[in-house]
Amino acid sequence: MSDELFRKQEDLERKAEELRRREEELNRRGAGNQNNTTRLHNWPPLPTFIPIEPCFYQDIEVEIPAQFQKTVTLVYHAFLVALSEKCTASLNFVPGL
């Protein structure tokens, strides 16, 4: 029984050390992002004559892991196409009234 407790204790200590290491890495990344760069909101892209500013920051190359960037970009473009189709359908509906 003491061997089992000893193994559990070692396992918990390994997990705690791994957790500490991950927290330190996240803190270093967070500190680097806050000190080095200020991210300006860039989405939705709006013309300059509109007095409303973008309200989100979006950069797929920075925020999405490389293995998923192509998929996210494809889904984003599909979303934009669907959105433009809905807007076009709405605009076509209004003159028909």
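What you see below is based on every heavy atom in this structure, not just the backbone, and it leaves out hydrogens, waters and symmetry mates.
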Output the distance between atom CZ (R14) and atom CD (Q9), rounded to the nearest 0.5 Å.
11.0 Å
Taking side-chain hydrogen bond (donor to acceptor under 3.5 Å, both in side chains) as the test, write out the residues that go with R7, two or more places apart.
none
same_hphob_cluster(F56, L83) at 4.5 Å side-chain heavy-atom cutoff
yes
Mind listing the closest non-hydrogen atom pair of Q58 and N42 along with its distance?
N-OD1, 2.8 Å
Rounded distance [0.5 Å steps], CG in L12 versus NZ in K8:
9.0 Å
Sort and list the pairs that fulfil salt bridge (charged side-chain N to carboxylate O under 4.0 Å, His left out) and have at least one residue in residues 47-68, not counting sequence neighbours.
R39-E63
Can you pull out every side-chain hydrogen bond (donor to acceptor under 3.5 Å, both in side chains) where at least one residue sits in residues 72-86? Sequence neighbours excluded, please.
W43-Y76
Can you list the residues that meet the salt bridge (Lys or Arg N to Asp or Glu O under 4.0 Å) rule with E18, with sequence neighbours excluded?
R21, R22
Yes or no on side chain to side chain contact (heavy atoms under 4.5 Å, CB included) for Y57 and L40, after CA distance, side-chain angles and deciding distance?
CA-CA 6 Å; Y57 174 80; L40 298 175; 5.9 Å; no
Can you name the residues that form a side chain to side chain contact (heavy atoms under 4.5 Å, CB included) with I52, not counting sequence neighbours?
L46, I50
Check side chain to side chain contact (heavy atoms under 4.5 Å, CB included) between P51 and all other residues, then give those that pass, not counting sequence neighbours.
none
